[in-house]
Amino acid sequence: MSGKAEEILQMDLYALLGVEQTAAAKEIKKAYRQKALTCHPDKNPDNPKAADLFHQLSQALEVLTDAAAKAAYDKIRTAKKQAEERHRKLDDKRKKIKIDLEARERYAEAQSQQEVQITRTLEEEIARLREEGSRQLEEEQRLIREQIQRERETQQQEIGSSTQRNSRVERCSNSNMTPKLKLKWKCKKHDETNGGYSKDILLRLLQKYGDVLNVILSNKKRGSAVAEFATVRAAELAVKNESGLSENLLKISWLEGQPEVIANASQHGQFMSSQGSLTNERDYESVVMMRMRQAAERQRLIEQMQREDEEDGAGS
């Protein structure tokens, strides 16, 4: 008996799919889809047993949807169940009788020979399936992959929509500006450590409050930098809470994008309502325009700092 056929005979293919032996091909395919979707390796990357179970389900679909292979499997399965039923009904007295034992041994030998023949037939059918290719299996697995892809796209769209809504709520009242903070600290003119602050250190200190788009350190004027935040909320938290290194404290102030104070709760509700009523097309255009303005502001800010550095250098 080949390893492939022996492996299949060790399994109850109907129980694996959760269907009866009388189930039609359509019911078998439906059961396969339901089972395979839950244990597909792509949906269970942390479960090492998922791939084995998915492989077993695929074997069950191959055999039970092919008439010849199914007939051979059913014949062996029925014979085994009949043998199990007979052995269960044997009582202790008959088991002790030698002649009955010899008869059973002869019967078992005959059954074994018959099983070998039927198994050979099953092996031939499986080999034929391998040679022809299992179009049904390929089609079912393709449908499963497509469904998984659709589920992923839906999840990504939901995450994107949620992020866009949060971005609109946190955007400052003046949409032409991104929030920027000016950072100052004590630093001697020839201090190579820049008072203990570097771009990485500043990023690590500020990113606790939210996404930081950029940190620009002045090359000529030590002890000064500008930080640009993705949201007003993150900038507000940094202004209120961050003090920097204990041995050299930071002085943080608003440079651009400080939010306007909303007069009362009703005005805030009207603002949120108007934002929520925007169509998807207008929201998309607003995001594109905002990013273009952010890029232009960033370039303008760099040029301004360079001019200030040049003026400070000339003055000294």
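What you see below is based on every heavy atom in this structure, not just the backbone, and it leaves out hydrogens, waters and symmetry mates.
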Student: Using every non-hydrogen atom in the two residues, find where P179 and A235 come nearest and quote the distance to one decimal.
Tutor: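 The answer is CB-CB, 3.9 Å.
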
Student: Sequence neighbours excluded, which residues qualify as salt bridge (charged side-chain N to carboxylate O under 4.0 Å, His left out) partners of E151?
Tutor: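 Listed in chain order: K43.
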
Student: Only counting residues at least two apart or in another chain, list the ones meeting ring-ring contact (aromatic ring centres under 6.0 Å, His included) with Y14.
Tutor: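 Counting only residues at least two positions away or on another chain, Y14 forms no ring-ring contact (aromatic ring centres under 6.0 Å, His included).
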
Student: Testing the basics here: between L64 and L17, what is the closest heavy-atom pair and its distance to 0.1 Å?
Tutor: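 Answer, listing the atom of L64 first, then L17: CD1-CD1, 3.9 Å.
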
Student: For K188, does the NZ atom have more than 12 heavy-atom neighbours from other residues, nucleotides or ligands under 6.0 Å away?
Tutor: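 Open: at most 12 neighbouring heavy atoms sit under 6.0 Å from NZ of K188.
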
Student: Grouping I, L, V, M, F, W and Y whenever their side-chain heavy atoms are under 4.5 Å apart, do I148 and L61 come out in a common cluster?
Tutor: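 Same cluster: I148 reaches L61 through Ile, Leu, Val, Met, Phe, Trp or Tyr contacts under 4.5 Å.
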
Student: Answer with yes or no whether the hydrophobic clustering places L101 together with Y107; edges join I, L, V, M, F, W, Y residues whose side-chain heavy atoms lie under 4.5 Å apart.
Tutor: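 No, it is not one cluster - the side chains of L101 and Y107 are not joined through contacts under 4.5 Å.
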
Student: Which atom pairs, donor and acceptor, lie under 3.5 Å between side-chain atoms of residues 206-215 and protein residues at least two apart or in another chain?
Tutor:
residue, atom, partner, partner atom, Å
K208, NZ, E242, OE1, 3.1
Y209, OH, E242, OE1, 2.7

Student: Tell me every residue that passes side-chain contact (heavy atoms from CB on, under 4.5 Å) with E27, counting only those two or more places apart in sequence or in another chain.
Tutor: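 Checked E27 against side-chain contact (heavy atoms from CB on, under 4.5 Å); matches are V19, A23.
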
Student: About how many Å separate OG of S218 and NZ of K184, when rounded to the nearest 0.5 Å?
Tutor: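 Answer rounded to 0.5 Å: 11.0 Å.
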
Student: Can you measure from CD (E7) to CD (Q59) and round to the nearest 0.5 angstrom?
Tutor: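 Reported to 0.5 Å precision, the distance equals 4.5 Å.
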
Student: Name all pairs fulfilling the ring-ring contact (aromatic ring centres under 6.0 Å, His included) condition that reach into residues 28-50, sequence neighbours left out, sorted by first residue then second.
Tutor: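 Qualifying pairs: H40-F54.
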
Student: Answer yes or no: is there a side-chain heavy-atom contact under 4.5 Å between L16 and L53?
Tutor: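 Contact flag for L16/L53 side chains = yes.
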
Student: If you define the side chain from C-beta out and look only at heavy atoms, does anything of K26 sit under 4.5 Å from K29?
Tutor: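 The answer is no; the side chains never approach within 4.5 Å.
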
Student: Rounded to the nearest 0.5 Å, what separates atom CG in L250 from atom NZ in K186?
Tutor: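 One finds 12.5 Å between CG of L250 and NZ of K186.
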
Student: For K81, check side-chain contact (heavy atoms from CB on, under 4.5 Å) against everything at least two apart and list the hits.
Tutor: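 Listed in chain order: R77.
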
Student: Apply side chain to side chain contact (heavy atoms under 4.5 Å, CB included) to residues K180 and T178 and explain how you reach the verdict.
Tutor: CA-CA 6 Å; K180 300 181 183 67; T178 53; 3.0 Å; yes

Student: For Q156, enumerate each residue passing the side-chain contact (heavy atoms from CB on, under 4.5 Å) test, keeping only those at least two apart in sequence or located in another chain.
Tutor: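 side-chain contact (heavy atoms from CB on, under 4.5 Å) check on Q156 returns nothing, list empty.
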
Student: Under a 3.5 Å threshold, yes or no: a donor from one side chain and an acceptor from the other, between Q117 and R120?
Tutor: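 Q117 vs R120: donor-acceptor pair found between side chains.
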
Student: Does the pair D42 and R152 meet the rule for a side chain to side chain contact (heavy atoms under 4.5 Å, CB included), with working shown?
Tutor: CA-CA 11 Å; D42 291 349; R152 286 177 176 173; 3.7 Å; yes

Student: Search all heavy atoms of S224 against all heavy atoms of K182 and return the closest pair with its distance.
Tutor: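 Shortest heavy-atom contact: OG-CE, 4.5 Å.
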
Student: Looking at every heavy atom in both T121 and A72, which two are closest together, and how far apart are they?
Tutor: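 Here T121 and A72 meet closest at CG2-CB, 4.4 Å.
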
Student: In terms of hydrophobic clusters joined by side-chain contacts under 4.5 Å, are L237 and V232 together?
Tutor: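 In one cluster: no.
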
Student: Indicate yes or no for a side-chain donor-acceptor contact from D191 to the backbone of G195 under 3.5 Å, with no hydrogens or angles considered.
Tutor: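 Yes.
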
Student: Check salt bridge (charged side-chain N to carboxylate O under 4.0 Å, His left out) between K30 and all other residues, then give those that pass, not counting sequence neighbours.
Tutor: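 For K30 there are no salt bridge (charged side-chain N to carboxylate O under 4.0 Å, His left out) partners, ignoring immediate neighbours.
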
Student: Decide whether V116 and Y73 are clustered together by the hydrophobic rule: side chain heavy atoms of Ile, Leu, Val, Met, Phe, Trp, Tyr closer than 4.5 Å, transitively.
Tutor: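 In one cluster with V116: Y73, no.
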
Student: With E102, which residues qualify under side-chain contact (heavy atoms from CB on, under 4.5 Å), at least two apart?
Tutor: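 K98, R106.
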
Student: With sequence neighbours left out, write down each residue that passes salt bridge (charged side-chain N to carboxylate O under 4.0 Å, His left out) with R145, or none if nothing qualifies.
Tutor: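 Per chain and number, R145 pairs via salt bridge (charged side-chain N to carboxylate O under 4.0 Å, His left out) with no residue.
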
Student: I'd like to check V226 versus E228 (side-chain heavy atoms, cut-off strictly below 4.5 Å). Are they in contact?
Tutor: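 Result no, sub-4.5 Å side-chain heavy-atom pair not found.
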
Student: Is it true that D200 and R204 have a side-chain N and a carboxylate O under 4.0 angstrom from each other?
Tutor: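 No, no charged N to carboxylate O under 4.0 Å.
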
Student: Could you tell me whether the side chain of I252 reaches within less than 4.5 Å of the side chain of L183, counting heavy atoms only?
Tutor: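 In contact.
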
Student: Report yes if the side chains of T78 and Q21 come closer than 4.5 Å at any heavy-atom pair, otherwise no.
Tutor: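 SC-SC contact between T78 and Q21 confirmed.
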
Student: Rounded to the nearest 0.5 Å, what separates atom CG in D74 from atom CG in L13?
Tutor: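 It is 9.0 Å, given to the nearest 0.5 Å.
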
Student: Shortest non-hydrogen contact from E125 to D66?
Tutor: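 Closest pair (atom of E125, atom of D66, distance): OE1-OD1, 4.4 Å.
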
Student: Please determine whether residues W254 and L249 belong to a single hydrophobic cluster, defined as Ile, Leu, Val, Met, Phe, Trp and Tyr linked transitively by side-chain heavy-atom distances below 4.5 Å.
Tutor: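 No.
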
Student: The criterion is ring-ring contact (aromatic ring centres under 6.0 Å, His included); which residues satisfy it with Y197, sequence neighbours excluded?
Tutor: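 With neighbours one apart ignored, the set is W185.
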
Student: Please report the interatomic distance CZ(R104) to CG(D100), rounded to the nearest 0.5 Å.
Tutor: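 Reported value, rounded in 0.5 Å steps: 5.0 Å.
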
Student: Run the salt bridge (charged side-chain N to carboxylate O under 4.0 Å, His left out) test against R142 and tell me which residues pass, sequence neighbours left out.
Tutor: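 Salt bridge (charged side-chain N to carboxylate O under 4.0 Å, His left out) check on R142 returns E139, E146.
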
Student: Let me confirm one number: the CG-SG distance from N248 to C187, rounded to the nearest 0.5 Å.
Tutor: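 SG of C187 is found 8.0 Å from CG of N248.
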
